[in-house]
Amino acid sequence: MMFILAVIALFIAMVLVLIRLFVGPSLYDRVLALNSFGTHTVLFIGVVGFLNGRPDFLDIALLYALINFVGTIAILKFFRYRAIGDVRRDTAETDG
């Protein structure tokens with residue numbers, strides 16, 4: 001019973017984070033909401049795996065957590081530098 005309440009609370013929190021994702025006034029609010037949604041999803045997968053008696057769901061949750069972390073860093077880097085790979089600087093900009 002307690003884990004079912006945890007799933008319901010996680011689902012409500014995920015809905016609230018989605019509202020913040022679409023309403024958020026700034027880019028960083030939206031990125032934070034997206035990262036928070038990923039964290040809630042990892043918790044949701046873990047609890048659902050426990051309820052179904054499937055411990056292999058924890059592996060999926062850990063993989064999703066790593067993808068969420070790398071994706072958040074990539075999004076922030078893209079909006080900071082407008083490129084995901086190495087940023088090439090012109091010599092005229094560094095000499096001045």
Side-chain angles (χ1 to χ4, degrees):
M1 181 67 183
M2 187 62 124
F3 287 104
I4 294 173
L5 290 176
V7 168
I8 293 170
L10 279 171
F11 185 72
I12 291 170
M14 289 169 78
V15 169
L16 291 173
V17 166
L18 278 177
I19 292 171
R20 172 51 65 191
L21 179 68
F22 291 116
V23 173
S26 71
L27 170 73
Y28 296 108
D29 289 330
R30 291 183 172 139
V31 171
L32 182 64
L34 188 64
N35 190 15
S36 179
F37 184 79
T39 303
H40 283 98
T41 304
V42 168
L43 291 171
F44 188 77
I45 291 171
V47 172
V48 168
F50 180 78
L51 285 175
N52 290 331
R54 303 276 313 258
D56 50 336
F57 275 28
L58 290 178
D59 296 335
I60 296 169
L62 285 173
L63 180 66
Y64 190 81
L66 290 172
I67 291 171
N68 183 35
F69 174 72
V70 171
T72 301
I73 298 300
I75 288 170
L76 288 173
K77 183 178 179 184
F78 177 76
F79 283 111
R80 169 85 173 153
Y81 298 110
R82 296 290 180 208
I84 292 191
D86 292 334
V87 178
R88 191 181 131 210
R89 297 181 184 218
D90 294 329
T91 56
E93 291 179 0
T94 57
D95 290 338

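Just so it is clear, the structure is predicted and the values come from calculations on it, not from any experiment.
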Worksheet item: Given Ile12, which of Leu16, Val15, Leu10 fulfils the side chain to side chain contact (heavy atoms under 4.5 Å, CB included) condition?
Response: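 Going through Leu16, Val15, Leu10 one by one, the side chain to side chain contact (heavy atoms under 4.5 Å, CB included) with Ile12 is satisfied by Leu16 alone.
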
Item to complete: Could you list the residues that satisfy side chain to side chain contact (heavy atoms under 4.5 Å, CB included) with Phe78, not counting sequence neighbours?
Response: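 Residues passing side chain to side chain contact (heavy atoms under 4.5 Å, CB included) with Phe78: Arg82, Ile84.
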
Shared hydrophobic cluster for [X] and [Y] (ILVMFWY, side-chain gaps under 4.5 Å):
| X | Y | value |
| --- | --- | --- |
| Met14 | Leu51 | yes |
| Leu43 | Leu5 | no |
| Phe44 | Phe57 | yes |

Worksheet item: Which heavy-atom pair separates Ala33 from Val17 by the least distance, and what is that distance?
Response: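 Closest pair (atom of Ala33, atom of Val17, distance): O-CG1, 3.0 Å.
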
Fill in: Those residues that, when tested against Arg20, pass salt bridge (charged side-chain N to carboxylate O under 4.0 Å, His left out) (two or more places apart)
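Arg20 satisfies salt bridge (charged side-chain N to carboxylate O under 4.0 Å, His left out) with no other residue.
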
Worksheet entry | With Arg30 via side-chain hydrogen bond (donor to acceptor under 3.5 Å, both in side chains) - residues at least two apart |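 Residues passing side-chain hydrogen bond (donor to acceptor under 3.5 Å, both in side chains) with Arg30: none at all.
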
Practice prompt. Tell me, please, which residues at least two apart from Phe3 pass ring-ring contact (aromatic ring centres under 6.0 Å, His included).
Written response: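 Phe3 satisfies ring-ring contact (aromatic ring centres under 6.0 Å, His included) with Phe50 once adjacent residues are dropped.
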
Worksheet entry | Rounded distance (nearest 0.5 Å) linking atom CZ of Phe79 with atom CG of Leu27 |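 Going from CZ on Phe79 over to CG on Leu27, the span is 5.0 Å.
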
Item to complete: Quick one: pull up CG in Asp29 and CG in Leu34 and give me the separation to the nearest 0.5 Å.
Response: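 Here the rounded value is 12.5 Å.
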
Practice prompt. Please assess Leu18 against Leu21 for the test side chain to side chain contact (heavy atoms under 4.5 Å, CB included), listing each intermediate value before the final yes or no.
Written response: CA-CA 5 Å; Leu18 278 177; Leu21 179 68; 4.0 Å; yes

Worksheet item: Quick one: does Thr41's side chain have a donor or acceptor within less than 3.5 Å of a partner on Phe37's backbone?
Response: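 Checking the backbone N and O of Phe37 against the side chain of Thr41, a donor-acceptor pair under 3.5 Å is found.
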
Worksheet item: What pairs meet the salt bridge (charged side-chain N to carboxylate O under 4.0 Å, His left out) rule with one or both residues in residues 54-75, with sequence neighbours excluded?
Response: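 Output for this query lists Arg54-Asp56.
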
Please tabulate, for the side chains in residues 60-75, all donor-acceptor contacts under 3.5 angstrom to protein atoms that are two or more places apart in sequence or on a different chain.
from: Asn68; atom 1: ND2; to: Asn35; atom 2: O; distance (Å): 3.4
from: Asn68; atom 1: ND2; to: Asn35; atom 2: OD1; distance (Å): 3.0
from: Thr72; atom 1: OG1; to: Asn68; atom 2: O; distance (Å): 2.9

